[in-house]
Amino acid sequence: MAMLLFDRLFKTLFWVALILVYTAAILPPAEAPRITSWDKAEHMIAFFTLAALGGLAWRRVPLWRIAVILAGIGAAIEFTQAIPGLNRDPSSADFVADCVAIVVGLALAALLRARLLRA
């Protein structure tokens with residue numbers, strides 16, 4: 001029963017975080033919420049959070065699949081930022097930061113998954 005509650009909580013948090021991340025990524029830079037002044041850190045915080053939540057929310061899904069999906073989301077954000085009217089600049093370095101954060105976030109999720117299985 002508790003695990004079902006955790007699953008629902010993590011899934012809800014994941015979807016809320018994804019909506020916030022995507023929205024912040026397509027807003028004009030002056031209007032986008034900022035956590036830090038370093039753009040790469042913001043990407044890493046966002047995708048670390050998505051990866052950790054995704055890895056915990058979908059415990060039966062292999063982590064490599066979650067990584068591929070999140071990398072696709074990161075790529076989609078960069079492609080969206082290439083739309084001229086958004087006044088955003090796509091960056092392969094941002095995508096690399098996303099992918100590094102995905103690996104670290106899923107590593108944390110893997111550790112927590114193992115603890116949850118033992119409990």
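Since the structure is predicted, the reported quantities are computational estimates derived from the model, not experimental observations.
- In this structure, Leu27 CG and Leu86 CG are separated by 9.0 Å, a value rounded to the nearest 0.5 Å.
- A 4.5 Å side-chain heavy-atom check between Phe48 and Leu108 finds at least one atom pair inside the cut-off.
- Rounded to the nearest 0.5 Å, atoms NZ (Lys11) and CZ (Phe6) are 14.5 Å apart.
- Between the Glu78 side chain and the Ser92 main chain, no donor and acceptor come within less than 3.5 Å of each other.
- For Arg113 (side chain) and Leu56 (main-chain N/O), no donor-acceptor pair under 3.5 Å exists by modelled atom type.
- Residues Trp15 and Leu53 are members of one and the same hydrophobic cluster, defined by side-chain heavy-atom contacts under 4.5 angstrom among Ile, Leu, Val, Met, Phe, Trp and Tyr.
- In this structure, the side chains of Leu9 and Thr12 stay at 4.5 Å or more apart for every pair of heavy atoms.
- Between Arg88 and Ile26, the closest side-chain pair of non-hydrogen atoms is not below 4.5 Å.
- Taking hydrophobic clusters as Ile, Leu, Val, Met, Phe, Trp and Tyr residues chained together by side-chain heavy-atom distances below 4.5 Å, Ile69 shares a cluster with Tyr22.
- Linking Ile, Leu, Val, Met, Phe, Trp and Tyr residues whenever their side-chain heavy atoms come within less than 4.5 Å leaves Val100 and Phe47 in two separate clusters.
- To the nearest 0.5 Å, the span separating CD1 on Ile73 from CD1 on Ile102 amounts to 8.0 Å.
- Going from atom OG1 of Thr49 over to atom CG of Leu20 covers 10.5 Å, rounded to the nearest 0.5 Å.
- Side-chain contact between Asp94 and Lys40 is present, with at least one heavy-atom pair separated by less than 4.5 Å.
- Residue Leu18 forms a side chain to side chain contact (heavy atoms under 4.5 Å, CB included) with just one option from Leu50, Leu70, Leu13, and that option is Leu50.
- Side-chain contact between Arg59 and Asp7: present, with at least one pair of heavy atoms (C-beta onward) separated by less than 4.5 Å.
- For the pair Leu111 and Arg115, the minimum side-chain heavy-atom distance is 4.5 Å or more.
- In summary, the aromatic rings of Phe10 and Trp58 are positioned with their centroids too far apart to meet the 6.0 Å limit.
- Side chain of Arg34 to backbone of Ser37: a donor-acceptor contact under 3.5 angstrom is found.
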